[in-house]
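Only one structure is covered here, and it is reproduced in the block below.
Not measured: the values here are computed from a predicted model. Just so it is clear: chains get the letters A, B, ... in the order the sequence lines come, proteins before strands, and each one is counted from 1.
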There are 2 protein chains.
Amino acid sequence: MDPDVAAIAKLFADHTRATVLATLMSGRAHTAGELANEAGVAPSTMSAHLNQLLAVGAIETVAQGRHRYVRLADPRLADVFEALALAAPAKPVRSLRTFTHGEHLRRARSCYDHLAGQVAVEMADGLFASGAFCDDGDGLNLTDSGGDRLRAVGVDVDAARARAATTRRRFATRCLDWSERTDHLAGALGAAILTAARDHGWVASGPVHRSLAVTPAGEAVFDHLSDVRAGTAAGDAARTVPQVGRPSWAAQDGQAP
Amino acid sequence: MDPDVAAIAKLFADHTRATVLATLMSGRAHTAGELANEAGVAPSTMSAHLNQLLAVGAIETVAQGRHRYVRLADPRLADVFEALALAAPAKPVRSLRTFTHGEHLRRARSCYDHLAGQVAVEMADGLFASGAFCDDGDGLNLTDSGGDRLRAVGVDVDAARARAATTRRRFATRCLDWSERTDHLAGALGAAILTAARDHGWVASGPVHRSLAVTPAGEAVFDHLSDVRAGTAAGDAARTVPQVGRPSWAAQDGQAP
DNA sequence: CGGTCCGTTCGGCGCGCAGCGAAACGTTGC
DNA sequence: GCAACGTTTCGCTGCGCGCCGAACGGACCG
């Protein structure tokens with residue numbers, strides 16, 4: 001009965017898997033090696049555990065070079081974890097040493113032709129959370145309110161859409177940020193935002209290759225775009241955040257004949 | 001780390017234990033045999049599982065005759081279960097066939113010298129939830145507001161307290177109701193309530209032995225006493241509900257030196 | 001005071017699964 | 001190119017533990 005409570009509990013019932021899930025609760029992505037090191041098991045053992053979690057749709061992986069980043073696939077697991085932790089109120093996990101990339105590169109940089117780094121993920125978080133995007137099966141699409149917000153600050157949304165159509169490039173998509181381990185925005189729209197940022201003087205070339213310096217004007221714009229409440233009437237905003245496919249352990253009630 | 005998430009998850013990770021906990025989520029108590037039957041395992045197997053749950057303080061048992069009733073010991077487990085059930089919003093479990101005791105006896109009856117049956121547990125629930133009692137280590141004690149409520153309807157609280165002192169009988173205590181499988185009120189105070197109920201005509205003798213018929217006047221009084229909001233300012237009312245000992249898996253953080 | 005019923009403890013069986021090392025594979029970088 | 005590295009797959013080992021049947025101990029009923 002139910003969406004098999006025991007099956008879900010089993011995911012957390014092993015100490016190694018529990019550590020993995022706890023580490024991923026921050027929302028950041030980690031490599032298999034990091035997780036193996038953190039949990040104190042052999043890489044092969046960790047690989048097996050990740051396969052289990054992957055099989056039931058609890059995590060998703062992003063291949064990137066010779067690394068393979070792993071992250072939570074379903075935010076509801078955070079609720080489960082918090083309930084299992086009982087008294088412990090969502091401790092801020094920071095045991096894992098995050099690489100101290102050069103500060104210049106961490107704050108803001110270009111990634112191919114779009115924006116990356118802290119400001120990029122903060123902006124993307126704010127836009128996602130405020131319902132600026134919806135998920136058509138193949139990438140992201142702007143909602144009306146999201147389009148208005150970007151146009152208002154000077155991003156040429158329509159040019160990006162036209163370019164996406166002619167070059168068959170994705171209009172907008174998530175892209176894993178290698179310093180922040182969280183998604184920023186890529187695709188034709190991401191490129192348009194970086195173009196706007198250069199044209200309007202939000203950013204200037206930084207001291208090292210590909211690094212970007214955020215100007216005071218840019219801080220204001222990025223702050224505005226990162227603000228969740230700046231979106232729609234904020235009612236069912238969170239509901240329009242892109243959804244990944246339903247995990248297999250959420251047994252669909254009312255099976256279609 | 002944590003109050004060992006994996007250890008708590010293990011409790012739910014077995015299908016048999018998950019069924020047990022799901023059955024107990026209603027708050028009612030069940031016998032080991034019932035649970036074994038419900039889960040489809042041998043009594044000996046169920047006994048082992050109950051021992052596990054007992055060892056970590058997840059459940060508590062009440063010996064009564066040759067039955068041994070089992071019930072949840074920590075309400076926080078309900079939160080865990082609900083989170084694990086994910087989408088499923090607290091289904092109203094009613095798979096287990098509750099014995100159809102004679103209706104006369106189920107509604108209201110006397111249990112030794114106090115009141116039992118549906119009206120008794122409803123009244124007790126309401127009084128507990130509205131903060132009428134607090135738990136001194138050995139039984140229950142009335143709070144000021146609780147004493148006022150009972151005196152207001154005509155229960156001789158002070159006589160009960162005097163009798164408890166002279167006879168060394170418990171003033172008030174929980175007593176497991178065998179038809180409702182939930183606590184009602186016993187002790188000197190419980191006896192005083194039954195006395196008041198007879199004296200004021202809230203109940204009359206029923207058709208079968210020990211059964212009681214609730215009069216219209218009695219319905220009004222019991223409804224009033226069952227009403228949670230009729231208690232104190234309802235602020236931290238729930239906090240004064242008697243607490244059982246902390247379960248062993250809730251590792252106390254900040255260990256004293 | 002036996003017969004019955006409920007529940008526990010004990011011994012034993014067998015599966016599930018977490019763990020490791022060795023080897024193979026693809027990627028990156030010199 | 002070749003070497004170094006991260007990751008996966010494979011084969012294997014061992015323990016944990018869920019399950020049962022049989023036997024024992026109280027509690028109720030006649």
Side-chain angles (χ1 to χ4, degrees), chain A residues 4-24 29-56 58-71 96-97 99 176 178 181 209, chain B residues 4-24 29-56 58-71 96-97 99 176 178 181 209:
Chain A
D4 203 352
V5 170
I8 302 174
K10 256 192 245 286
L11 300 180
F12 292 85
D14 177 73
H15 196 267
T16 299
R17 279 195 302 272
T19 303
V20 170
L21 291 169
T23 305
L24 295 179
H30 292 268
T31 68
E34 283 174 348
L35 294 171
N37 194 24
E38 172 79 1
V41 296
S44 57
T45 302
M46 179 54 65
S47 185
H49 282 299
L50 294 181
N51 275 341
Q52 288 184 43
L53 294 171
L54 204 53
V56 297
I59 61 174
E60 59 189 5
T61 63
V62 180
Q64 201 160 96
R66 64 180 160 185
H67 291 283
R68 203 161 161 195
Y69 287 96
V70 175
R71 78 167 121 194
L96 199 55
R97 170 161 233 75
F99 274 105
L176 185 60
W178 66 271
R181 307 290 185 85
H209 183 50
Chain B
D4 204 351
V5 170
I8 302 173
K10 258 192 242 287
L11 299 180
F12 293 86
D14 177 72
H15 197 268
T16 299
R17 278 195 302 271
T19 303
V20 169
L21 290 169
T23 306
L24 295 179
H30 293 269
T31 69
E34 283 174 348
L35 293 171
N37 195 22
E38 172 79 3
V41 296
S44 57
T45 302
M46 178 55 64
S47 185
H49 283 299
L50 293 181
N51 274 340
Q52 289 185 42
L53 294 172
L54 204 53
V56 297
I59 61 174
E60 60 189 4
T61 63
V62 180
Q64 201 157 96
R66 68 177 159 188
H67 290 282
R68 203 161 158 197
Y69 288 96
V70 175
R71 76 166 122 194
L96 200 53
R97 169 160 234 75
F99 275 105
L176 186 59
W178 64 270
R181 308 288 185 82
H209 183 51

For residues 47-56 of chain B, please give each side-chain donor-acceptor pair under 3.5 Å, one per line with the distance, not counting sequence neighbours.
residue, atom, partner, partner atom, Å
H49(B), ND1, R17(B), NH1, 3.3
Q52(B), OE1, R17(B), NH1, 3.0

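Atom CG in N51(B) sits about 7 Å away from atom P in dT8(C), given to the nearest Å. Atoms CD (Q52(B)) and P (dT8(C)) sit 13 Å apart, rounded to a whole Å. For K10(A) and dG16(C), the NZ to C1' distance is 9 Å, given to the nearest whole Å. Protein atom NE2 of H30(B) is 17 Å distant from nucleotide atom P of dC6(C), rounded to whole Å. Atoms CG (L35(B)) and C1' (dG7(C)) sit 12 Å apart, rounded to a whole Å. Residue L11(A) contributes atom CG, which lies 12 Å from atom P of dC17(C) at whole-angstrom precision.
Nucleotides of DNA chain D lying under 4.0 Å from heavy atoms of chain A occupy a range whose first and last members, 5' to 3', are dA4(D) to dT9(D).
A donor-acceptor pair under 3.5 Å is absent between the side-chain atoms of T45(B) and the main chain of V41(B), judged by distance alone.
Applying the side chain to side chain donor-acceptor pair (under 3.5 Å) rule to Q64(A) yields no partners; only residues at least two apart in sequence or on another chain are considered. Scanning for side chain to side chain donor-acceptor pair (under 3.5 Å) contacts around T61(A) gives R68(A), with sequence neighbours left out. In this structure A29(A) satisfies the side chain to side chain contact (heavy atoms under 4.5 Å, CB included) test together with Y69(A), R71(A), L176(A), R181(A), sequence neighbours excluded.
Closest non-hydrogen pair, P43(A) versus A36(A), comes out as CA-CB, 4.0 Å. Taking both residues in full, the closest heavy atoms of A39(A) and M46(A) are given as CB-CE, 3.9 Å, listed atom of the first, atom of the second, then distance. L24(A) and I59(A) make their closest contact through CD1-CG2, 3.9 Å (heavy atoms, listed as atom of the first residue, atom of the second, distance).
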Generate the contact string for nucleotides 19-30 of chain C. Rules: B means base contact, S means sugar-phosphate contact only, - means no protein heavy atom under 4.0 Å.
SBB-----BB--

